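For clarity, every value in this text was computed on a predicted model and none was experimentally measured. Read the numbers this way: they start at 1 and go in the same order the structure lists the ligands and their atoms.
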Amino acid sequence: MKSIVVANWKMNPATFREAKKLFEAERKAAEKARGASVIIAPPAIFLRELSKMYRGSKVAFGVQNAHFEAGGAHTGEISLTQAKDARAKYVIVGHAERRAEGETDDDARKKVASALSLKMTPILCVGESSRTDDGEQFEVVREQLRAGLADVAASSPSRVLLVYEPLWTIGKATAMAPREMHQMAIFIRKCVVESHGEAGLRHAGAGSGLAQAGRNMKILYGGSVDEKNASAMLRDGDVHGFLVGRASVDSKAFAALLQSLEHA
Ligand code: PGA
């Protein structure tokens, strides 16, 4: 199965000229990478121009955030409908940096539901902000999943991409250990099967049972992913791919990351 790599450019680069250059380089790298599907989430202001330039199918576009309302008095916001009109198919919801700025679980719930109703794919991020020894992260993640997926029909949880991206692993020198991610992936699947049942996670033709149902839920890892740690995470972390920050705004690092996944 192809891995999924989401390039979260965050508030970079500074100019459209640079964005175009970065996009061109990443598009080329994505076209070479047979093992990965690439989703690029540039700053919204660059989205339409970039998507206009590209007619291929190897790269899909996303936005880093959007408002759940279709329109109205929301100064400074963009709507999911507007994002879709600029060819975004994906929307990142509940990123740790946005949660830190005040995005709530309830916002995440509304954004996930609106995105699905527009036939876009929400990329719902969950994760604790700091790690303690008492296993508190599991409760945090359970609650974020419960709230974020509350309006998702029992038939549809596999239409949401889930990202485990604890704040304490973002922007660091190393990623989390694959073994720890593996444990969290099992927990996430268990939570979703508990809240939504198995049926919506079972695809036609797939086997039956809890393990198979959980497997159809796509879970990504985010936090300091690069070409040095990604393949081990893909092998041993029980993930389908990655949400990438810094390594996605450096075209060489991004190409090396995609390359590393070819042999994972
Ligand atoms: P990072 O950011 O890869 O720079 O750690 C990840 C993210 O926040 O999406």
Enquirer: Which ligand 1 atoms are under 4.0 Å away from a heavy-atom of Leu243?
Expert: 9 (O)
Enquirer: Would you find more than 12 non-hydrogen atoms of other residues, nucleotides or ligands less than 6.0 Å from Lys89 atom NZ?
Expert: no
Enquirer: Side chain, backbone, both or neither: which applies to Asn8 and ligand 1 if a contact is any heavy-atom pair less than 4.0 Å apart?
Expert: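 Near ligand 1, Asn8 shows its side chain, while the N, CA, C and O stay back.
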Enquirer: Could you tell me whether the side chains of Glu26 and Trp9 share a donor-acceptor contact shorter than 3.5 Å?
Expert: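 The answer is yes; a qualifying pair exists.
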Enquirer: Can you tell me if Gly171 contacts ligand 1 (heavy atom of the residue under 4.0 Å from the ligand)?
Expert: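 Yes, Gly171 has heavy atoms under 4.0 Å from ligand 1.
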Enquirer: Which protein non-hydrogen atom lies closest to atom 3 (O) of ligand 1, naming both residue and atom, and how far is it?
Expert: Gly245 N, 2.9 Å
Enquirer: Between the candidates Lys172, Arg246, Glu97, Glu165, which shows the shortest non-hydrogen contact distance to atom 7 (C) of ligand 1?
Expert: Glu165
Enquirer: Report the distance from atom CD of Glu24 to atom CG of Leu50, rounding to the nearest 0.5 Å.
Expert: 9.5 Å
Enquirer: Compute the minimum heavy-atom distance from Ser224 to ligand 1 and say whether it is under 4.0 Å.
Expert: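 For ligand 1, residue contact (heavy atoms, under 4.0 Å) with Ser224 is present.
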Enquirer: Checking Thr104 against Arg109: is there a side-chain donor and acceptor pair closer than 3.5 Å?
Expert: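 No, Thr104 and Arg109 have no side-chain donor paired with an acceptor closer than 3.5 Å.
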Enquirer: May I ask you to identify the nearest protein heavy atom to atom 2 (O) of ligand 1, giving residue, atom name and distance to one decimal place in Å?
Expert: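 Here the closest protein heavy atom is Lys10 NZ, 3.2 Å.
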Enquirer: Kindly determine whether Arg146 and Glu143 satisfy salt bridge (charged side-chain N to carboxylate O under 4.0 Å, His left out), including the steps that lead there.
Expert: CA-CA 5 Å; Arg146 190 202 59 72; Glu143 181 50 27; 2.8 Å; yes
Enquirer: Has Lys172 got more than 12 heavy atoms of other residues, nucleotides or ligands less than 6.0 Å from its NZ?
Expert: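 Counting neighbours around NZ of Lys172, more than 12 heavy atoms of other residues, nucleotides or ligands fall under 6.0 Å, so yes.
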